[in-house]
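Report on the following structure.
Chain letters run A, B, ... following the sequence lines, proteins first, then strands; residues in each count from 1.
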There are 2 protein chains.
Amino acid sequence: MTSQQVEIALARAQRVCTLRGARLTPVRRRVLELILRADQPTKAYVLLAKLEQERGKLGPPTIYRALDFLLAHQLIHKVETSNAFVACDDAERAHQSQFVICEDCGATEEIQDDDIVASLRRLGEMRGFAVERQVIEARGLCPACRVGQRQA
Amino acid sequence: MTSQQVEIALARAQRVCTLRGARLTPVRRRVLELILRADQPTKAYVLLAKLEQERGKLGPPTIYRALDFLLAHQLIHKVETSNAFVACDDAERAHQSQFVICEDCGATEEIQDDDIVASLRRLGEMRGFAVERQVIEARGLCPACRVGQRQA
DNA sequence: GCAAATTCGTTACGCTATAACGTCTCTTAG
DNA sequence: CTAAGAGACGTTATAGCGTAACGAATTTGC
Ligand SMILES: [Zn+2]
Ligand SMILES: [Zn+2]
Ligand SMILES: [Zn+2]
Ligand SMILES: [Zn+2]
């Protein structure tokens, strides 16, 4: 993601927050920027280390609070099977997302497929469950790493 | 699960292991039994504490190695969003499973739906990914807790 | 028996996440 | 303007999850 694109994404995040009466504070904004600039899902303690380089010693809560805020507003998602965080470019729209993750290089792509969401909801309802949140992640090899695998 | 049912499950696990040339050692067997007897997904450190009551101080690796073995043979599954382990009564058959989990009481049910597995695989393949492992979990409220929620 | 492989105990450590408390700032009603 | 309340943040401590590395003991295959 280019710096331009990052700026655009940050501006859009700012708009979303303002619209919702939420405050995109410096810490939150900076954490989002770090996630946006990373080309892969970012771990909480990596974010913490980077933020501490800039602001001196902090603690985990500082990061986790920022992450909780960004998650609540769908500005980021958590990849559960990686314990890592990725930016979402579709925060305006409430949505469930899925992920495909490369076991080899960590490349991660967000998917938004309404059919699979509906399917899982239906499976839950068939058992009497009221489904509120879904975690759907596929782990395997990305196109680039598949090639490497074949040659090795 | 009654003691009788636990014994039957353990006997079946023993058969599966023998058939595969794997050893269901005392530690592994006991860990499986603890998981079978629990009526809810069990956490690694809870298992560790119980095992240490019986055998004196051990360390996390003892439990995690047993869990890894049981996972490899599909005698148990890991519920990723709970960091907990549940027994599987269908170890003979290679299968992917999904889970519905109650946020309120922790009740967890295993689902085996081939269609949703195929769907997610297809979504991955459309992006060039070779999907090897899937995590599909739905969190919400179980039938019992839905009632409680409505009355509260 | 004996060598190789598997299993297990043990110590130590790293990563993930939250509890609890006090301070500071920002908003807003009076 | 100012006091009160809410929200955000810094700080310390701690709980929970998981693995690396090494050596001893056991089992297996020859
Ligand atoms: Zn998204
Ligand atoms: Zn890859
Ligand atoms: Zn199963
Ligand atoms: Zn429930």
Test A/Arg122 against A/Glu125 for salt bridge (Lys or Arg N to Asp or Glu O under 4.0 Å), laying out the working first.
CA-CA 5 Å; A/Arg122 198 171 331 113; A/Glu125 279 171 359; over 6 Å; no

Has the side chain of A/Gln98 got a donor or acceptor atom that lies under 3.5 Å from a matching backbone atom of A/Asp113?
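Yes: the side chain of A/Gln98 pairs with the backbone of A/Asp113.
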
Send over the distance from [X] [atom1] to [N] [atom2], rounded to a whole Å.
X	N	atom1	atom2	result
B/Leu70	C/dT7	CG	C1'	14 Å
B/Glu52	C/dC8	CD	C1'	14 Å
B/Phe69	C/dT6	CZ	C1'	11 Å
A/Leu48	D/dC9	CG	P	14 Å
A/Glu80	D/dC17	CD	P	14 Å
A/Leu47	C/dT16	CG	P	10 Å
B/Tyr64	C/dG14	OH	P	17 Å
A/Leu67	D/dC9	CG	C1'	14 Å

Contact residues, residues 16-35 of chain A to DNA chain C [heavy atom, < 4.0 Å]:
A/Arg23

Are B/Ser3 and B/Arg37 packed together at the side-chain level, in the sense that at least one heavy-atom pair is separated by less than 4.5 angstrom?
yes

Under 4.5 Å between any side-chain heavy atoms of B/Asp104 and B/Cys142, yes or no?
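No, every pair of side-chain atoms sits at 4.5 Å or beyond.
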
Side chain of A/Pro61 only, heavy atoms from C-beta on: which candidate in D/dG18, C/dA19, D/dA20 is closest?
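Shortest atom-to-atom distance from the side chain points to C/dA19.
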
Closest nucleotide among C/dT10, D/dG10, D/dC17 to the B/Lys43 side chain
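Between C/dT10, D/dG10, D/dC17, the one nearest the side chain of B/Lys43 would be D/dC17.
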
Using a cut-off of strictly less than 4.0 Å, decide whether A/Asn83 has a side-chain nitrogen or oxygen near OP1 or OP2 of C/dC15.
no

May I ask you to verify if any side-chain N or O of B/Thr62 is less than 4.0 angstrom from the OP1 or OP2 atom of C/dC8?
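No, B/Thr62 has no side-chain N/O under 4.0 Å of OP1/OP2 on C/dC8.
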
Sequence neighbours left out, cut at 3.5 Å: what donor-acceptor pairs do the side chains of residues 66-78 of chain B make with other protein atoms?
{"unit_1": "B/His73", "atom_1": "ND1", "unit_2": "B/Arg20", "atom_2": "NH1", "d": "3.3"}
{"unit_1": "B/His77", "atom_1": "NE2", "unit_2": "B/His95", "atom_2": "NE2", "d": "3.2"}
{"unit_1": "B/His77", "atom_1": "NE2", "unit_2": "B/Glu110", "atom_2": "OE2", "d": "3.1"}

Base D/dG10 paired with A/Arg65 side chain (donor-acceptor, <3.5 Å)
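Between D/dG10 and A/Arg65, which were checked side chain against base, a qualifying N/O pair under 3.5 Å is present.
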
For the side chain of A/Tyr45 and the base of C/dA17, is some donor closer than 3.5 Å to an acceptor across the two?
yes

Just jot down the side chain to side chain donor-acceptor pair (under 3.5 Å) partners of B/Thr25, sequence neighbours excluded, or say none.
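So B/Thr25 forms no side chain to side chain donor-acceptor pair (under 3.5 Å) with any residue.
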
Do B/Thr18 and B/Gln14 have side-chain N/O donor and acceptor atoms under 3.5 Å apart?
yes

